[in-house]
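Inspection log for the structure reproduced underneath, given as structure tokens.
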Amino acid sequence: MAQNYIQVEVLLMTGTNFSAGNWVKKDDDLNGRHPSESERLQEACWNGLLKTMLPELWIAPPNGAMLYLWEVKEAESFLALELSEVPLPIDPRWSLTPHSFLSYQNYN
């Protein structure tokens with residue numbers, strides 16, 4: 001019998017008030033580098049703040065496992081996050097990412 005895993009795809013739009021939020025940094029940047037809004041949002045996600053930022057979308061797997069952030073893809077106007085129990089490929093036909101599903105659209 002095949003194992004069913006929870007897999008979540010999240011799109012975070014950049015250039016919005018949410019993405020411009022003042023996310024807490026763990027370390028001070030001693031080089032004086034000022035990261036972009038998208039880089040700060042990515043860093044917050046990799047540091048585990050996604051559950052804090054968006055608790056309403058957090059899904060706990062029924063078997064007591066944990067969801068892990070496996071990949072963050074940056075596009076021009078959004079960040080695509082892939083969370084799951086184990087790293088699994090996302091079927092492009094069912095993906096939220098516009099670059100994936102637009103090629104499957106039927107044009108009548």
Side-chain angles (χ1 to χ4, degrees):
M1 180 176 213
Q3 175 86 20
N4 289 328
Y5 294 106
I6 299 290
Q7 188 174 22
V8 179
E9 190 176 18
V10 178
L11 293 184
L12 295 177
M13 304 309 290
T14 55
T16 63
N17 288 336
F18 172 78
S19 63
N22 193 8
W23 310 115
V24 178
K25 289 190 57 126
K26 286 188 173 183
D27 301 319
D28 290 334
D29 193 356
L30 302 176
N31 298 332
R33 184 171 142 344
H34 299 289
S36 70
E37 171 188 312
S38 179
E39 290 172 331
R40 287 194 317 264
L41 191 56
Q42 281 185 49
E43 184 179 352
C45 292
W46 284 118
N47 287 337
L49 293 175
L50 185 62
K51 188 175 180 178
T52 305
M53 293 186 299
L54 297 168
E56 61 274 4
L57 69 83
W58 201 259
I59 298 171
N63 58 2
M66 291 184 60
L67 288 181
Y68 298 98
L69 177 63
W70 294 104
E71 190 168 6
V72 176
K73 295 177 189 173
E74 184 176 6
E76 188 175 328
S77 59
F78 63 88
L79 295 177
L81 312 176
E82 295 180 13
L83 298 108
S84 65
E85 299 173 67
V86 296
L88 297 169
I90 292 179
D91 186 350
R93 294 173 297 168
W94 307 112
S95 175
L96 291 176
T97 308
H99 304 120
S100 298
F101 73 81
L102 284 177
S103 62
Y104 288 98
Q105 290 293 319
N106 252 346
Y107 296 105
N108 300 12

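The analysis underlying the following values was restricted to heavy atoms, covering all of them including side chains, and did not include hydrogens, waters or symmetry mates. Counting begins at 1 with the first residue of the sequence.
Residues in residues 50-71 take part in no salt bridge (charged side-chain N to carboxylate O under 4.0 Å, His left out) pair, two or more places apart or across chains.
Inter-residue side-chain proximity for Leu69 and Leu81 is flagged as met; some heavy-atom pair is nearer than 4.5 Å. Looking at heavy atoms from C-beta onward, Cys45 lies in side-chain contact with Met53 at the 4.5 angstrom threshold. Under the 4.5 Å side-chain criterion, counting only non-hydrogen atoms from C-beta, Glu39 is not in contact with Glu74. In this structure the side chain of Val8 reaches within 4.5 angstrom of the side chain of Val10, judged on heavy atoms.
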Quiz item: Can you check side chain to side chain contact (heavy atoms under 4.5 Å, CB included) on Gln42 and Ser38, steps first, answer last?
Solution: CA-CA 6 Å; Gln42 281 185 49; Ser38 179; 3.7 Å; yes

Practice problem: Kindly determine whether Gln7 and Ile90 satisfy side chain to side chain contact (heavy atoms under 4.5 Å, CB included), including the steps that lead there. | Solution: CA-CA 8 Å; Gln7 188 174 22; Ile90 292 179; 3.1 Å; yes

Self-check item: Derivation and outcome, side chain to side chain contact (heavy atoms under 4.5 Å, CB included), residues Leu11 and Leu79
Solution: CA-CA 6 Å; Leu11 293 184; Leu79 295 177; over 6 Å; no

Quiz item: Checking side chain to side chain contact (heavy atoms under 4.5 Å, CB included) for the pair Leu12/Leu54: CA distance, chi angles, key distance, verdict?
Solution: CA-CA 10 Å; Leu12 295 177; Leu54 297 168; 3.6 Å; yes

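No hydrogens or angles considered: nothing links the side chains of Glu37 and Thr14 as a donor-acceptor pair under 3.5 Å.
Here the CG-CD1 distance, from Leu88 to Ile6, works out to 11.0 Å after rounding to the nearest 0.5 Å. One distance of note links OG of Ser84 with CG of Leu67; it measures 7.5 Å at 0.5 Å rounding.
Through chains of ILVMFWY side-chain contacts below 4.5 Å, Met66 is grouped with Tyr68, Trp70.
Glu82 places no side-chain N or O within donor-acceptor distance of the main-chain N or O of Glu9, the cut-off being under 3.5 Å.
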